[in-house]
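The next block holds one structure in the form of structure tokens; read it before the comments.
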2 protein chains.
Amino acid sequence: MNATDILKLHNIKKTAGRLAIINALQESTCPLSENEIKELMLESYDRITFYRNIQTLTAVGIIHKIVVDNTLIRYGLNCCETVHEHSAHRNTHAHFYCEQCHSVVCLQEVKIPEFCLPEGFISADSDIIIKGKCEKCNH
Amino acid sequence: MNATDILKLHNIKKTAGRLAIINALQESTCPLSENEIKELMLESYDRITFYRNIQTLTAVGIIHKIVVDNTLIRYGLNCCETVHEHSAHRNTHAHFYCEQCHSVVCLQEVKIPEFCLPEGFISADSDIIIKGKCEKCNH
DNA sequence: ATATATTTGCAACATTGTTTCATTTGAAAA
DNA sequence: TTTTCAAATGAAACAATGTTGCAAATATAT
Ligand SMILES: [Mn+2]
Ligand SMILES: [Mn+2]
Ligand SMILES: [Zn+2]
Ligand SMILES: [Zn+2]
């Protein structure tokens, strides 16, 4: 789906900044950092607008934020074939962080287990980041 | 074990700042933020020294860092009954983040599963943060 | 074309994290 | 105990990251 339609689908305005972020992420095979997105956005990048758009795009569920470490953040596009009723999506998949090439991969196919929590705790969501060596870095 | 012995055990110098951090964490039942530690450290807090000591204490495996979000970080004491040969410990347990009271709980007892990764990926470690409502917040 | 709520971009600020370097200090050796 | 010296500290200065207020611009509905 193209960027314009994605924005329309989620009922938020089509603006240069938002289109640029979505296009940048669509051109990439994996989640990108702010700087990587910035490179691809060229002229249309403004730091404040970027933060606000990331916030909005995340809130409506167009993208998701992956926090590998406090100084290592990536943003990935959600595969939104279906429109979800309640936006502000919960992460539905785990992520892999390659400690060698520092790339992040969305592990859509990896099943997220039910964690057996102590009495009284109720889980609503989980963030799972698996660290190691990616396929490319294993020769 | 007391703070002095912990430092000695890991072969790093006993300093006021390090003792204060360890004592602060020992007094708490759960991991603390920088500000929470700062409060408990009183006079002996210096921001630069704090960062460096957090780095050192993490590197030798006395404490561990829990990144719930890039702006939400907690530090927890490792239960170090046994001395580990290779320092720079890997996280060995999952964490729970309560979205209501914002506390973090170390889930020592929750078993971390083997994730079935795609061909070529090799896992060395995993960071698991389960979000929801903690026991205290469920009345 | 017009109206208007949303979004933008700037300025200004707050917080967080890092580097350099002179001084101090912990702990081992003399 | 005193000496010695690598390690740690703390100040300054800086870099990076994140937030807020506000006037101007603009996307979309009418
Ligand atoms: Mn993802
Ligand atoms: Mn823990
Ligand atoms: Zn790799
Ligand atoms: Zn709670």
Side-chain angles (χ1 to χ4, degrees), chain A residues 2-24 31-39 41-60 62-75 87-88 102, chain B residues 2-24 31-39 41-75 87-88 102 104:
Chain A
N2 67 55
T4 300
D5 291 342
I6 292 175
L7 292 172
K8 193 167 288 175
L9 190 67
H10 290 86
N11 284 308
I12 58 171
K13 286 191 180 174
K14 168 182 161 180
T15 68
R18 290 171 183 174
L19 290 174
I21 292 174
I22 295 174
N23 286 328
L32 300 176
S33 67
E34 173 177 350
N35 279 333
E36 290 167 329
I37 295 172
K38 176 182 172 180
E39 308 278 276
M41 284 177 70
L42 305 171
E43 76 301 335
S44 63
Y45 175 84
D46 172 80
R47 209 166 58 85
I48 289 95
T49 303
F50 177 83
Y51 277 117
R52 285 194 279 224
N53 279 334
I54 285 292
Q55 175 123 325
T56 303
L57 295 174
T58 303
V60 300
I62 294 176
I63 65 172
H64 61 287
K65 178 183 179 185
I66 303 139
V67 181
V68 178
D69 194 4
N70 51 322
T71 54
L72 208 169
I73 298 163
R74 297 291 154 86
Y75 302 98
S87 43
H102 311 290
Chain B
N2 68 54
T4 300
D5 291 342
I6 292 175
L7 291 172
K8 193 169 288 174
L9 190 67
H10 289 87
N11 284 308
I12 58 170
K13 286 190 179 174
K14 168 183 161 181
T15 67
R18 290 171 184 174
L19 291 173
I21 292 173
I22 295 173
N23 286 328
L32 301 176
S33 66
E34 172 176 351
N35 279 334
E36 289 167 330
I37 296 172
K38 174 182 172 178
E39 307 279 274
M41 284 177 71
L42 303 172
E43 76 301 334
S44 63
Y45 175 84
D46 172 80
R47 208 164 59 85
I48 290 95
T49 304
F50 176 83
Y51 278 118
R52 285 194 280 224
N53 279 334
I54 285 292
Q55 175 122 325
T56 304
L57 295 174
T58 303
V60 300
I62 294 175
I63 66 172
H64 61 287
K65 179 184 178 186
I66 304 139
V67 181
V68 177
D69 194 5
N70 50 322
T71 54
L72 208 169
I73 297 162
R74 297 290 155 85
Y75 302 99
S87 43
H102 310 289
V104 168

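Scope of the values below: all heavy atoms of this structure, side chains included, with no hydrogens, waters or symmetry mates. Order of the sequence lines fixes the chain letters, A, B, ..., with proteins taken first and strands second; residue numbering starts at 1 for each chain.
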Quiz prompt | Proximal nucleotide (of D:dA8, D:dG10, C:dC10) relative to the A:Asp46 side chain | solution = C:dC10

[X] [atom1] to [N] [atom2], straight-line distance once rounded to whole Å:
X	N	atom1	atom2	answer
A:Gln55	C:dT8	CD	P	13 Å
B:His10	D:dA7	NE2	C1'	18 Å
B:Ile54	C:dT16	CD1	P	14 Å
B:Asp69	C:dT16	CG	P	13 Å
A:Asn11	C:dT6	CG	P	13 Å
A:Leu72	C:dT16	CG	C1'	16 Å

Quiz item: Counting only side-chain N and O atoms of B:Asn70, is one of them less than 4.0 Å from OP1 or OP2 of D:dG18?
Solution: yes

Self-check item: B:Asn53 side chain near D:dA8 phosphate (N/O to OP1/OP2, under 4.0 Å)
Solution: no

Practice problem: Quick one: label B:Ile73 by what it contacts on the DNA or RNA (base, sugar-phosphate, nothing), any heavy atom closer than 4.0 Å. | Solution: sugar-phosphate

Quiz item: With sugar-phosphate meaning primed atoms plus P, OP1 and OP2, does A:Arg47 contact a base, only sugar-phosphate, or nothing at under 4.0 Å between heavy atoms?
Solution: base

Polar-atom pairs under 3.5 Å, protein N or O versus N or O of nucleotides 20-22 of chain D: list them with distances, or write none.
from   : atom 1 : to      : atom 2 : distance (Å)
D:dG21 : O6     : A:Arg52 : NH1    : 3.4

Are [X] and [Y] packed together at the side-chain level, in the sense that at least one heavy-atom pair is separated by less than 4.5 angstrom?
X	Y	answer
A:Ile54	A:Lys65	no
B:Thr49	B:Thr15	no
A:Leu57	A:Tyr75	no
B:Ile62	B:Leu7	yes

Exercise. Considering non-hydrogen atoms only, spot the tightest contact between B:Glu36 and B:Ser33 and give its length.
Key: OE1-N, 2.7 Å

Quiz item: What is the minimum heavy-atom distance between B:Pro31 and B:Val104, and which atoms define it?
Solution: CD-O, 3.2 Å

Practice problem: Go through the steps for A:Glu34 and A:Tyr45 under the test side chain to side chain donor-acceptor pair (under 3.5 Å), then give the verdict. | Solution: CA-CA 10 Å; A:Glu34 173 177 350; A:Tyr45 175 84; 2.4 Å; yes

Self-check item: Side-chain (A:Asn2) to main-chain (A:Asp5) donor-acceptor, under 3.5 angstrom
Solution: yes

Exercise. Measure from the side-chain N and O atoms of B:Asp46 to the backbone N and O of B:Ile48, and report whether any donor-acceptor pair falls under 3.5 Å.
Key: yes

Self-check item: Residue mapping more 5' on DNA chain D - nearest nucleotide basis, B:Gly17 or A:Tyr51
Solution: B:Gly17

Atom pairs, N/O to N/O, protein against nucleotides 25-30 of chain D, distance under 3.5 Å?
from   : atom 1 : to      : atom 2 : distance (Å)
D:dA27 : N3     : A:Lys13 : NZ     : 3.4
D:dT28 : OP1    : A:Lys14 : N      : 2.7

